[in-house]
A.B. asks: 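One structure follows; several queries about it will come next.
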Number of protein chains: 2
Amino acid sequence: MTPGVRKAKAAQTRAALLDAARTLFGERGYLNTKITDITAAAGRSTGSFYEHFADKEELLRALLGDIEDAADERLAAREHPREHDLTDRAQLHAHLEIAWGVMRQHRAIQVAMFQSMVADDPASGRAWRDLSEQTGMLREHLEWLREQGRAVPGEPELLAAGMGAMLALVSYALPPDGPYTDEQVVDAFTNLLLKGLAG
Amino acid sequence: MTPGVRKAKAAQTRAALLDAARTLFGERGYLNTKITDITAAAGRSTGSFYEHFADKEELLRALLGDIEDAADERLAAREHPREHDLTDRAQLHAHLEIAWGVMRQHRAIQVAMFQSMVADDPASGRAWRDLSEQTGMLREHLEWLREQGRAVPGEPELLAAGMGAMLALVSYALPPDGPYTDEQVVDAFTNLLLKGLAG
DNA sequence: GTCTATATACCGATAGAC
DNA sequence: GTCTATCGGTATATAGAC
């Protein structure tokens, strides 16, 4: 066997592990999926796992690349400068639709990330850091609004985190075959955030 | 020793376990706190734990009574019929302030409940059930609004869950000594939800 | 690189003496 | 009711053959 072939086999194993993990994370969640479950589902041995990943968390980070690529792709389709006016219905709707769509399309990974975040030591501050980082774009749009002299209903970081929290937790909790369609969710939250209850 | 005294000692042990658990849940979270950690912190033996609780989850349910009592108490101060107009700034603010205050004052228990909920099998549907139940009051207020012929920006259950998700996850993530005061948070979310971004 | 087999560690839960 | 001691199950990670 040439080195190239062996390398290809290794890549195949790595891909099989990632695939199996994604499936299992979606079915039973991240925390309830053991490393031996992943290797068994991938048809590999336990020991083989550690040739590719140091632990389960590192595998999750590798999966994370997928969802980030998907998000970047959807965002690259249109330019995304700071100068987005979230008080414009169409622009707010587009932002929520993309965020919700990515979370739902890669639900297994979102579930895994969410569980991993919440299982961490609460005192580590990771949850707030993650939430703040993942809503950085929303925050920048709000900061831009404020720089334009427009009234913003509170601290941009706080508002962005609140909106992100709403989407993330509802997406985590709402079953895939739940009672509401994606459109219902996006429309409801667009209305709620755009005009608020007193619109 | 009379039976009465022995009973009192038992109650003391039970209380010590609950106290120790609450402290540890606040420090390291629910998932990272082992039963032996609780008994050690309470100055009792491992075996003694099972005389009072079947497992860690049952202890959490016992702690849950505390937070529910606190919420009921704050709500009993004023009547809380369905006929609350959440499009009125003062009433919305009051609701958010109470919910946020209870979560922050009993942060250890909220952290524990949140971790317990998220650690469960995602396919169990528990997360959505919990979220929906805990926001039942908001939902009823919205349903009442709708019955009055007022426009509501989406399905009441969905909107209520979204608002609850925002509060719950931000409260979980935001450190107790974080960069924002309780007032800032409540005001920001009141503004956001009352008038929305386009207020 | 992949496998089998195992060391290591940990935690939940119980048995039995007091 | 509380204690000490321990069993039993389980998951991570490694060692060594192929």
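Convention: sequence-line order gives letters A, B, ...; per-chain numbering from 1.
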A.B. asks: Return the nearest nucleotide to the side chain of A:I35; candidates are C:dG1, D:dT12, C:dG12.
C.D. replies: D:dT12
A.B. asks: Write down the distance between CG (B:L17) and P (D:dG1), rounded to a whole number of angstrom.
C.D. replies: 12 Å
A.B. asks: Please determine, for the side chain of B:R44, which listed nucleotide (D:dT2, C:dA13, C:dT2) has the closest atom?
C.D. replies: D:dT2
A.B. asks: Determine, stepwise, if the pair B:E133 / B:R129 fulfils salt bridge (Lys or Arg N to Asp or Glu O under 4.0 Å).
C.D. replies: CA-CA 6 Å; B:E133 282 174 6; B:R129 205 179 320 120; 5.5 Å; no
A.B. asks: The side chain of B:S48 lies closest to which of these nucleotides: C:dG1, D:dA11, D:dC3?
C.D. replies: D:dC3
A.B. asks: Rounded to whole Å, please give me the gap between CZ in A:F49 and P in D:dA13.
C.D. replies: 8 Å
A.B. asks: Whole-Å distance between D:dA11 P and A:E57 CD?
C.D. replies: 19 Å
A.B. asks: Consider the side chain of B:K34, meaning its heavy atoms from C-beta on, and name the nucleotide among D:dT2, D:dT12, C:dG12 that approaches it most closely.
C.D. replies: C:dG12
A.B. asks: Could you give the CZ-to-C1' distance, from B:F53 to C:dG12, as a whole number of Å?
C.D. replies: 16 Å
A.B. asks: Relative to each other, are the rings of B:Y172 and B:F114 parallel, tilted or perpendicular (30° and 60° limits)?
C.D. replies: parallel
A.B. asks: Output the rounded distance in Å from CG (A:D37) to P (D:dA11).
C.D. replies: 7 Å
A.B. asks: Can you tell me how far P of C:dC11 sits from CG of B:D55, to the nearest Å?
C.D. replies: 16 Å
A.B. asks: Does OP1 or OP2 of C:dA13 have a side-chain N or O of B:T46 closer than 4.0 Å?
C.D. replies: no
A.B. asks: The side chain of A:T36 is closest to which nucleotide in this list: D:dT2, D:dT12, C:dT2?
C.D. replies: D:dT12
A.B. asks: To the nearest angstrom, how far is B:E58 atom CD from C:dG12 atom P?
C.D. replies: 15 Å
A.B. asks: Working to the nearest 0.5 Å, report the span between CG of A:L63 and OH of A:Y30.
C.D. replies: 10.0 Å
A.B. asks: Start with the C-alpha gap between A:R22 and A:D19, add the side-chain angles, then the distance that decides, and say whether salt bridge (Lys or Arg N to Asp or Glu O under 4.0 Å) holds.
C.D. replies: CA-CA 5 Å; A:R22 183 168 30 229; A:D19 261 8; 2.7 Å; yes
A.B. asks: Between B:D88 and B:H93, does any side-chain donor sit less than 3.5 Å from a side-chain acceptor?
C.D. replies: no
A.B. asks: Closest to the B:H52 side chain: D:dT2, D:dT12, C:dT2?
C.D. replies: D:dT2
A.B. asks: From the options C:dA13, D:dA11, D:dT14, select the nucleotide whose nearest atom is closest to the side chain of A:Y50.
C.D. replies: D:dT14
A.B. asks: Round to a whole Å and report the spacing from CG of B:L31 to C1' of C:dG12.
C.D. replies: 15 Å
